[in-house]
Amino acid sequence: MFRIEDEGVRLELEIYPEDLAEFERAFQSRLASASLTTPAKFHQSSGEGLDSFRIVRADGKPLPFDLLTVERRQRIDRASPFAGMTDPLTGRPIPGPPENPDVVYLEVFYSFEGARPETLILSPPYAEDGAPAASIGFMVFDRSVPVSRFSFLKTDMQLTIDWTDPWFSAFTNPNLNRSAQDGTSSFLYVAPRELRHEILIRVRDLAPWIDQELTTGTKLDPAHQSQILAAALDELKDRNPMSISGEAIVPAAARGTFLTLGERGFQVVEGAPTLVTDTTFVGVILTYPISELPATASINWDMFDNAIQTVPVTLTDIAGPFFAWASPDEPVVTWTNHLKRYDDPKVAPVQAAGIFVMPVWAVLVVVLSAAAGVIALLSSRKLAIGIAALSMMSLFAGIAFSGKHTTPVLIPISGQSDTQIATGALSRLLTNTYVAALEVFPEERKKALEPIVFDASLTDVAAELETSLTIRVPGGGRAQITDVSDVVIVQGEMTGKGRFEGVVQWRVDARAGHWGHDHRRRVDYRARVEFRPDRGNWLLSAITVLEARSPDV
């Protein structure tokens, strides 16, 4: 790891034991002993140490270095998730780390000797045949800003340093530079029930728009952060206006957070740490509720200045991301609905399969008719006629109120067990519950639940959906559930009338896009659930989540 500082370059290096000999020659020290009580100073000249690990100026003059730390450690696990797989470009297995976890850790400081260079050349140790003496994975940070992606130091690498703003420091070989090159980016997400315009902007690029003065190395304490975030939300909710199908629209909600760019890419800031302007971004999410996908949606980007000349805009719908650019000459970027096979998700009633719904009047008629028959055999003709008349009156009364009074009964010859009926019903109820979760506002979510929840239970089920069943992603957004699976009854059984009360478990797969990243999660739930049939449909009467966890944790 190379870290560029105001006075020099700090190198942090982990060396595997089998490579020690090469680096002992490079650093002119017996590293195998791994013992250094005082810093050791070395000076390289242009004619010496050509096989060493060198950092030189553009004129070829090497920087002198101090060997600050040498000690044995356990290596930091940075194993690639693709290790062992076949590289599609080379056809060879992607290497993983050695089995031996032991390393020798070196901290080396290369001094600028008071003269900061505009250009540096990084050179690996070379073997006699001119090839690198060892495989060296590296990254470069300029005053905490990542300059490079993870790469391998195979030959001399030329780096240009921007001392006024480390964001613009870069290698002449573009393949080495980090992926995130734009200080300001825009993302339009087209999803069921909402459009989201998300903006990712460097604090230093945002500063002139919110009357802030920030320079390289400026520290942001929590109070300053709150001031910046409030000003950013106030500014950006009215800038870069959105129009849907040609009509201007204002955001229904605006929220924001800080993100930092580091070794692992963008990370949402949690807690209240002190931040550095050079690596800090503001992420803003503007929400525009919709009832159905529109024909078009357009962003008119109007924030341009010396720092913001072009803005990459990513348009994402279920067909995938599409890329465009906003510029002063072409500030409007439009998403057009070309989806031909899109089914808008709606909450649908869940038919009570395996259940026979018998009107109460039918039961009454059967009972009274049977009673009339018995009485006719045992009593006078007039009494039998009276009983028959009462049965007919019950029949007509029952028909008049047939839709209001029914009793469910499990069908014994349905071909399904009680457990199969219960798990099938719950699976469909859960799937529809997560469709209701797509609604942006609480009242809309509650209304969407009406076809699958008893009226008396709507408030409680809607609250559980919001607090325990909704999966949050970085930035505070809600993930969309793509699959409900592995529904299992843990405890409880279904009664003869189709009522179920017990403990169940299930698994969901969720995904959400935020600031250009696709977040995916899998969550296992365990909950106490009550449901029963009503007028031919299954309805939830209660759901209480007991546990929610990722299966790999």
Side-chain angles (χ1 to χ4, degrees), residues 1 3 76 78 80-82 139-151 165-170 174 176-189 191 196-207 214 216-220 222 224-226 228-229 232-233 236 240 254-287 303 307-308 310-316 320-321 323 325-326 471-479 510-521:
M1 195 82 69
R3 300 187 182 277
I76 299 174
R78 301 187 182 92
S80 167
F82 304 105
M139 288 188 68
V140 174
F141 288 79
D142 183 359
R143 288 155 290 172
S144 75
V145 176
V147 175
S148 70
R149 64 185 73 197
F150 181 82
S151 303
D165 190 343
W167 180 261
F168 298 104
S169 296
L176 298 175
N177 295 322
R178 64 176 181 269
S179 302
Q181 289 293 312
D182 302 293
T184 302
S185 303
S186 173
F187 308 89
L188 176 62
Y189 288 97
R196 296 194 316 277
H197 182 198
E198 304 189 355
I199 300 167
L200 198 57
I201 183 169
R202 281 207 313 156
V203 170
R204 288 191 64 172
D205 290 349
L206 176 66
L214 302 174
T216 298
T218 299
K219 299 293 191 346
L220 305 175
H224 199 180
Q225 294 171 36
S226 298
I228 289 174
L229 188 58
L233 289 173
L236 292 176
N240 315 306
R255 63 181 185 274
T257 189
F258 287 102
L259 298 92
T260 57
L261 181 62
E263 182 178 352
R264 297 181 179 272
F266 285 105
Q267 300 290 322
V268 173
V269 174
E270 297 180 356
T274 298
L275 304 176
V276 180
T277 57
D278 304 312
T279 56
T280 302
F281 283 68
V282 170
V284 173
I285 301 175
L286 307 174
T287 301
M303 292 176 65
I308 306 174
T310 58
V311 178
V313 182
T314 305
L315 311 171
T316 303
F323 304 101
W325 292 83
I471 297 176
R472 301 288 179 180
V473 295
R478 299 189 312 276
R511 68 178 297 178
H514 277 292
W515 299 303
H517 296 273
D518 189 29
H519 301 279
R520 296 176 184 265
R521 287 190 62 189

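No experiment lies behind these values; they were computed from the predicted model shown. Position 1 is the first residue of the sequence; numbering continues from there.
- When the options D182, D165, D278 are evaluated for a salt bridge (charged side-chain N to carboxylate O under 4.0 Å, His left out) with R202, the one that passes is D165.
- The structure places CD1 of I199 at 11.0 Å from CH2 of W515, a figure rounded to the nearest 0.5 Å.
- Contact of the W167 side chain with the D205 side chain is not registered, since no non-hydrogen atoms from C-beta on lie closer than 4.5 Å.
- The main-chain N or O of N177 is found under 3.5 Å from a side-chain atom of R149 such that the two form a donor-acceptor pair.
- A pairwise comparison of heavy atoms in L286 and L236 identifies CD1-O, 3.6 Å as the closest pair.
- To the nearest 0.5 angstrom, R520 atom CZ is 4.0 Å from R511 atom CZ.
- Contact annotation: the side chain of L214 approaches that of H224 to within less than 4.5 Å [non-hydrogen atoms, C-beta and beyond].
- Contact annotation: the side chain of V311 never approaches that of N240 to less than 4.5 Å [non-hydrogen atoms, C-beta and beyond].
- Counting only distance, with no hydrogens or angles, the side chain of Q225 and the backbone of P273 share a donor-acceptor pair below 3.5 Å.
- Nearest heavy-atom pair, G256 versus L233, reported as atom, atom and distance to 0.1 Å: N-CD2, 3.7 Å.
- Judged by distance alone, with hydrogens and angles left aside, the side-chain atoms of R196 form a donor-acceptor pair with the main-chain N or O of G513 at under 3.5 Å.
- You'll find the side chain of E263 stays beyond 4.5 Å of the side chain of P146, heavy atoms only.
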Using the rule given for side-chain contact (heavy atoms from CB on, under 4.5 Å), can you reason through I201 versus I308, listing the C-alpha separation, both sets of side-chain angles and the distance that settles it, and then say yes or no? CA-CA 10 Å; I201 183 169; I308 306 174; 4.1 Å; yes

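- Under a 3.5 Å cut-off, the side chain of S148 and the backbone N or O of V140 do form a donor-acceptor pair.
- At least one side-chain heavy atom of F258 sits under 4.5 Å from a side-chain heavy atom of L229.
- We find the CZ-OG1 distance between F266 and T279 to be 10.0 Å, quoted to the nearest 0.5 Å.
- Rounded to the nearest 0.5 Å, atoms CZ (F281) and CG (L200) are 6.0 Å apart.
- Here the NZ-OG1 distance, from K219 to T277, works out to 9.0 Å after rounding to the nearest 0.5 Å.
- Ring geometry for H519 versus H517: interplanar angle of 30 to 60°, hence tilted.
- Closest approach of P166 and D142 over heavy atoms only: CB-O, 3.3 Å.
- You'll find the side chain of R178 reaches within 4.5 Å of the side chain of L261, heavy atoms only.
- The two residues A272 and P222 make their nearest non-hydrogen contact at O-CG, 3.4 Å.
- Nearest heavy-atom pair across T314 and P321 is CG2-CB, 3.9 Å.
- What you find for L259 and V282 is that their closest heavy atoms are CD1-C, 4.4 Å.
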